[in-house]
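Working notes, beginning with the structure itself.
The shown structure was predicted, so the numbers you read here are calculated from the model rather than taken from an experiment. Ligands are counted one by one from 1 in listed order, and the atoms in each one are counted from 1 as well.
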Amino acid sequence: MAYAALSEVMDVKLHPDVSWLLVDDQRLQLRQPDGEHITFDQDVPDILAVLKSLRESESNHDNQADSGIRAALIDLLHTRGLLLDVSDSRNQFQRLLEQHGASGGRLLYDTPPKTVQIAGEGKLADIARNVFQQADIEQLDEHSSLRIVTCDSDHRQFLLEQNSIAVENKQPVLFFHWTQRALRIGPFVVPDQTACLHCAYKREQATSLFGDELEALNKAEVGTQPVFDGGPVLEQLAGALIARQVMTIMNGNYDLARPGLVTTVDPILLQVSHSPILKLPRCPVCSTQKDSPLRAVRDLI
Ligand SMILES: [Zn+2]
């Protein structure tokens with residue numbers, strides 16, 4: 001009874017991404033957005049009445065349901081995070097993200113980044129600005145808690161320069177750029193904790209069969225590489241990708257934001273590839289041991 005009274009005071013509604021199926025007269029299956037299902041095989045009419053009243057999100061949830069069953073069901077829904085305040089205005093992506101649960105990587109930061117600043121010019125920078133505005137993500141000109149580096153081409157000198165600035169200032173940074181015929185997002189770099197862009201390029205070069213070509217690409221001049229030209233498909237895709245990534249970071253869901261991962265999205269084949277990046281032990285940009293003397297073999301004997 002206490003919960004029933006509470007629900008009326010709090011003005012709650014059923015999570016919009018929860019659904020149910022009446023399997024038959026005796027069974028009702030409650031389907032949660034995280035993929036879990038609960039099947040009730042008793043008191044189905046009462047449970048159905050409570051669910052319907054909560055879905056309508058009216059302040060007065062009077063209905064014919066048994067008050068004990070109503071209280072127990074509200075208790076269950078509340079424990080599983082399936083009741084929302086009626087004034088909850090989060091969009092569907094935010095709600096689903098919340099349902100994903102707490103991230104194991106949350107400890108990387110005491111508090112996840114709250115503001116962003118965009119370093120970069122061109123179409124991808126404009127797309128990012130617009131989508132952040134739509135998503136109510138606060139943008140600053142400087143001193144933000146997350147740096148977003150955008151580039152309309154694979155201009156590695158610029159990207160590496162931004163990488164050094166962010167790591168030196170201990171500012172988390174996310175890279176987003178166009179490369180050949182795909183969008184590339186990442187790595188998301190947390191200084192002192194995860195691999196940086198320099199680590200990524202060095203490892204890429206070390207494992208490539210075409211090392212000299214990659215080295216030339218790392219030093220390529222502006223204007224020599226393909227440039228992002230936009231259009232409805234590429235612009236919407238780019239906006240969705242950068243917004244998704246920043247929202248997962250700000251939510252503290254580091255298992256979704258995946259620091260140390262480079263993701264490439266091919267818009268023609270709709271193929272997504274992920275390349276994990278390990279930190280270089282002696283990376284000249286991000287390693288904390290870069291100034292310590294190299295250990296000689298004789299030290300170990
Ligand atoms: Zn590094």
Side-chain angles (χ1 to χ4, degrees), residues 103-110 112-113 116-120 124 142-151 153-180 182-220 222 225 241-242 245-246 248-250 252-265 273-296:
S103 159
R106 206 176 268 274
L107 289 178
L108 266 173
Y109 261 101
D110 290 335
V116 298
Q117 73 190 76
I118 296 173
L124 288 177
E142 53 185 359
H143 306 306
S144 72
S145 42
L146 177 64
R147 189 181 194 90
I148 313 283
V149 177
T150 65
C151 190
S153 70
D154 199 354
H155 183 207
R156 296 191 168 197
Q157 289 300 308
F158 167 73
L159 296 170
L160 283 172
E161 212 176 272
Q162 289 293 324
N163 179 62
S164 299
I165 295 172
V167 173
E168 204 176 300
N169 294 334
K170 302 216 180 296
Q171 182 185 36
V173 56
L174 174 68
F175 293 90
F176 184 44
H177 69 98
W178 178 254
T179 172
Q180 297 297 328
L183 284 160
R184 183 164 288 169
I185 193 155
F188 164 43
V189 181
V190 182
D192 291 343
Q193 300 193 49
T194 69
C196 76
L197 192 68
H198 191 269
C199 297
Y201 288 166
K202 278 288 168 200
R203 289 201 181 268
E204 183 187 32
Q205 203 172 351
T207 53
S208 171
L209 293 174
F210 309 100
D212 46 353
E213 290 174 23
L214 265 179
E215 198 172 340
L217 177 63
N218 287 346
K219 293 175 185 161
V222 191
Q225 298 304 305
L241 277 175
I242 188 69
Q245 204 67 6
V246 170
T248 55
I249 292 172
M250 292 190 151
N253 280 91
Y254 291 116
D255 57 337
L256 296 177
R258 308 279 297 272
L261 189 81
V262 174
T263 302
T264 307
V265 180
S273 61
H274 299 288
S275 315
I277 310 296
L278 290 176
K279 206 167 160 65
L280 277 183
R282 285 183 179 272
C283 172
V285 178
C286 72
S287 173
T288 48
Q289 304 165 22
K290 62 188 172 207
D291 298 324
S292 63
L294 269 177
R295 181 173 286 186

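- Surrounding CZ of Arg156 are more than 12 heavy atoms belonging to other residues, nucleotides or ligands, all under 6.0 Å away.
- Pairing each heavy atom of Pro112 with each of Tyr254, the nearest pair is CA-OH, 3.9 Å.
- Side-chain contact annotation: Ser153 with Gln225, donor-acceptor N/O pair under 3.5 Å absent.
- For the side chain to side chain contact (heavy atoms under 4.5 Å, CB included) criterion with Thr264, the lone passing option out of His274, Gln180, Arg184 is Arg184.
- Note on the Zn ion (ligand 1): protein N, O or S atoms under 2.8 Å away count 4, no waters included.
- At a threshold of 4.5 Å between non-hydrogen side-chain atoms, the residues His198 and Pro284 count as touching.
- Phe158 and Cys151 make their closest contact through CD2-SG, 4.0 Å (heavy atoms, listed as atom of the first residue, atom of the second, distance).
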